[in-house]
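Scroll down for the structure; my scribbles are underneath it.
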Amino acid sequence: MKETEIQVLKIIEKNANLGVAKIAKMMGRSEKEIQQVIYDLEDKKAILGYSTLIDWAKVVEHEEVTAMVDVKVTPARGVGFDKVAERIYRFPEVKAVYLMSGAYDLSVTVNGKTMMDIGKFISEKLSALDSVLSTTTHFVLKRYKHDGFILEDDDEDDKRIVVSP
């Protein structure tokens with residue numbers, strides 16, 4: 001991958017809302033060149049989409065529960081974990097699936113309206129898959145940092161007492 005492409009990716013990873021003109025100015029390149037780089041990256045599927053990071057805790061009307069589910073599975077012959085992961089990531093409740101090293105095989109992020117909804121999904125859909133051996137569910141209680149962004153950064157002064165020798 002070219003250095004220009006890597007620079008563009010790093011810039012838009014931090015802020016996908018920047019326009020082509022601003023990115024070009026930041027990099028000292030022409031807008032036409034940067035636009036072509038972005039098109040090429042989209043064609044190569046290096047850029048899969050653009051999203052906005054929202055702190056849903058600040059939106060009073062919106063309540064959603066997130067759970068991280070550790071899943072032990074039996075890999076399928078010839079395709080390993082890929083087929084199992086594909087079956088899992090196709091459920092609309094599933095937001096992310098990662099193959100992991102360690103005590104479990106897959107890490108699955110699930111969203112639902114309530115803990116009961118997530119429990120129902122896990123017991124009726126996820127655990128019901130033939131290749132799933134066991135699950136362990138962890139509910140997210142509070143988010144502090146997500147995708148490199150600090151979600152709750154109080155601008156208040158530090159209230160701790162200074163202790164010095």
Side-chain angles (χ1 to χ4, degrees), residues 1-59 62-113 118 121-122 125-126 129 131-132 135-155:
M1 188 170 273
K2 299 174 191 166
E3 185 60 34
T4 304
E5 291 175 328
I6 293 169
Q7 286 178 315
V8 168
L9 290 172
K10 286 182 178 181
I11 289 169
I12 64 174
E13 182 179 40
K14 288 185 179 154
N15 186 352
N17 198 32
L18 293 175
V20 172
K22 184 132 184 160
I23 296 169
K25 187 174 184 179
M26 290 169 69
M27 293 180 62
R29 306 288 180 120
S30 73
E31 289 181 38
K32 187 175 179 179
E33 179 185 0
I34 297 304
Q35 186 64 65
Q36 188 58 51
V37 167
I38 292 171
Y39 286 147
D40 292 345
L41 290 166
E42 290 171 342
D43 284 344
K44 287 193 248 182
K45 302 283 188 224
I47 297 174
L48 298 173
Y50 302 89
S51 64
T52 303
L53 181 62
I54 298 168
D55 186 354
W56 288 107
K58 301 239 174 21
V59 181
H62 182 84
E63 291 190 29
E64 188 173 69
V65 178
T66 300
M68 312 294 239
V69 186
D70 303 338
V71 185
K72 278 190 99 44
V73 300
T74 303
R77 184 178 298 262
V79 291
F81 296 99
D82 295 346
K83 280 290 183 203
V84 179
E86 182 180 356
R87 293 240 5 235
I88 293 170
Y89 70 61
R90 294 217 179 268
F91 289 115
E93 298 90 344
V94 174
K95 300 303 172 203
V97 178
Y98 303 99
L99 179 62
M100 306 297 289
S101 64
Y104 56 95
D105 303 308
L106 299 173
S107 177
V108 180
T109 304
V110 180
N111 285 1
K113 290 189 184 286
I118 291 175
F121 165 76
I122 292 168
K125 294 181 181 177
L126 185 60
L129 296 174
S131 52
V132 172
T135 63
T136 303
T137 304
H138 312 273
F139 286 99
V140 175
L141 301 178
K142 184 176 181 178
R143 296 174 198 263
Y144 295 100
K145 188 174 184 178
H146 184 77
D147 282 346
F149 289 92
I150 297 171
L151 299 176
E152 196 170 294
D153 191 16
D154 293 337
D155 291 330

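Both backbone and side-chain heavy atoms feed into the values below; hydrogens, waters and symmetry mates do not.
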[atom1]/[X] to [atom2]/[Y] distance, rounded to the nearest 0.5 angstrom?
X	Y	atom1	atom2	result
Arg29	Gln36	CZ	CD	14.0 Å
Asp70	Thr135	CG	OG1	9.0 Å
Asn17	Lys22	CG	NZ	10.5 Å
Glu64	Asn111	CD	CG	4.0 Å
Thr4	Leu9	OG1	CG	11.0 Å
Lys125	Glu93	NZ	CD	4.0 Å

Practice task
Could you pull out the closest heavy-atom pair between Val20 and Glu31, with the gap in Å?
Solution key: CG1-O, 3.4 Å
Completion exercise
When every non-hydrogen atom of Arg87 is compared with those of Leu129, the smallest separation belongs to NH2-CD2, 3.1 Å
Practice task
Would you mind checking if Lys10 and Glu13 are paired as a salt bridge, meaning a charged N to carboxylate O distance below 4.0 Å?
Solution key: no
Practice task
Verify whether one side chain among Arg143 and Thr66 offers a donor that lies under 3.5 Å from an acceptor in the other.
Solution key: yes
Handout entry: Derivation of the side-chain contact (heavy atoms from CB on, under 4.5 Å) call for Leu99 and Leu106
Key = CA-CA 5 Å; Leu99 179 62; Leu106 299 173; 4.0 Å; yes
Find out whether [X] and [Y] are in side-chain contact, i.e. whether some heavy atom of one side chain is under 4.5 Å from a heavy atom of the other.
X	Y	value
Met27	Glu33	no
Ile38	Val8	yes
Phe91	Val110	no

More than 12 non-hydrogen atoms from neighbouring residues, nucleotides or ligands closer than 6.0 Å to [atom1] on [X], yes or no?
X	atom1	answer
Tyr89	OH	yes
Tyr39	OH	no
Lys45	NZ	no
Tyr50	OH	yes

Exercise for the section: I would like to know whether Val37 and Gln7 meet side-chain contact (heavy atoms from CB on, under 4.5 Å); could you show each step before the answer? Expected result: CA-CA 10 Å; Val37 167; Gln7 286 178 315; over 6 Å; no
Problem - Donor-acceptor contact below 3.5 Å, side chain Lys72 vs main chain Ala103 - result: yes
Practice task
Please determine which of Ile122, Ile88, Thr136 meets the side-chain contact (heavy atoms from CB on, under 4.5 Å) test together with Val69.
Solution key: Ile122
